[in-house]
Amino acid sequence: MTALVRGLRAFGAFWWDFIVGDDWRIAAGVVVALGVTVALVHADVAAWWLPVGAALVLLALSLWSARRAAR
């Protein structure tokens with residue numbers, strides 16, 4: 001494996017770990033919330049509330065999942 005390939009692989013692994021982290025479901029929820037927000041804004045709907053609500057719901061789900069796993 002060349003140094004370039006190793007470097008690209010390490011770069012990709014860093015970003016995967018940074019963005020997805022411990023729970024891929026949270027990352028997917030953020031992507032879905034942002035996509036729906038963009039769609040609503042393009043439809044001329046005030047969608048400032050959607051990312052805020054999604055963040056609160058995703059935080060609650062993450063805490064609930066972590067608490068369940070700790071039992």
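Each residue takes its place number in the sequence, starting with 1.
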* Asked: What pairs with R6 under side chain to side chain contact (heavy atoms under 4.5 Å, CB included), at least two apart in sequence or on another chain?
  ->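 With neighbours one apart ignored, the set is M1, A3.
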
* To do: Please list, chain by chain and in numerical order, all residues satisfying salt bridge (Lys or Arg N to Asp or Glu O under 4.0 Å) with R9, sequence neighbours excluded.
  =>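 Here no residue qualifies.
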
* Asked: Taking all non-hydrogen atoms of both residues, which atom of G29 and which atom of L58 are closest, and how far apart?
  ->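 Looking at all heavy atoms of both residues, the shortest contact is C-CD1, 3.7 Å.
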
* To do: Write down the atom of I26, the atom of S62, and the distance for their closest heavy-atom approach.
  =>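 Heavy-atom minimum between the residues: CD1-CB, 3.8 Å.
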
* If we only count heavy atoms from C-beta on, is the T37 to L40 side-chain gap below 4.5 Å? ->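 Contact flag for T37/L40 side chains = no.
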
* Asked: Side chains of S65 and R25: does their closest heavy-atom pair fall under 4.5 Å?
  ->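 Of all side-chain heavy-atom pairs linking R25 with S65, at least one is under 4.5 Å.
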
* To do: Determine which pairs satisfy ring-ring contact (aromatic ring centres under 6.0 Å, His included) with at least one residue from residues 18-58, sequence neighbours left out, and list them in order.
  =>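 Listed once each, the pairs are F14-F18, W15-F18.
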
* Are L50 and V57 connected, step by step, through hydrophobic side chains (Ile, Leu, Val, Met, Phe, Trp, Tyr) whose heavy atoms are closer than 4.5 Å? ->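 Unlinked, L50 and V57 end up in two clusters.
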
* Asked: How far does CG of L61 sit from CG of D23, to the nearest 0.5 angstrom?
  ->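 The CG atom of L61 sits 9.5 Å away from the CG atom of D23.
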
* **Worked verdict on T2 versus V5 for side chain to side chain contact (heavy atoms under 4.5 Å, CB included)** => CA-CA 5 Å; T2 67; V5 173; 3.3 Å; yes

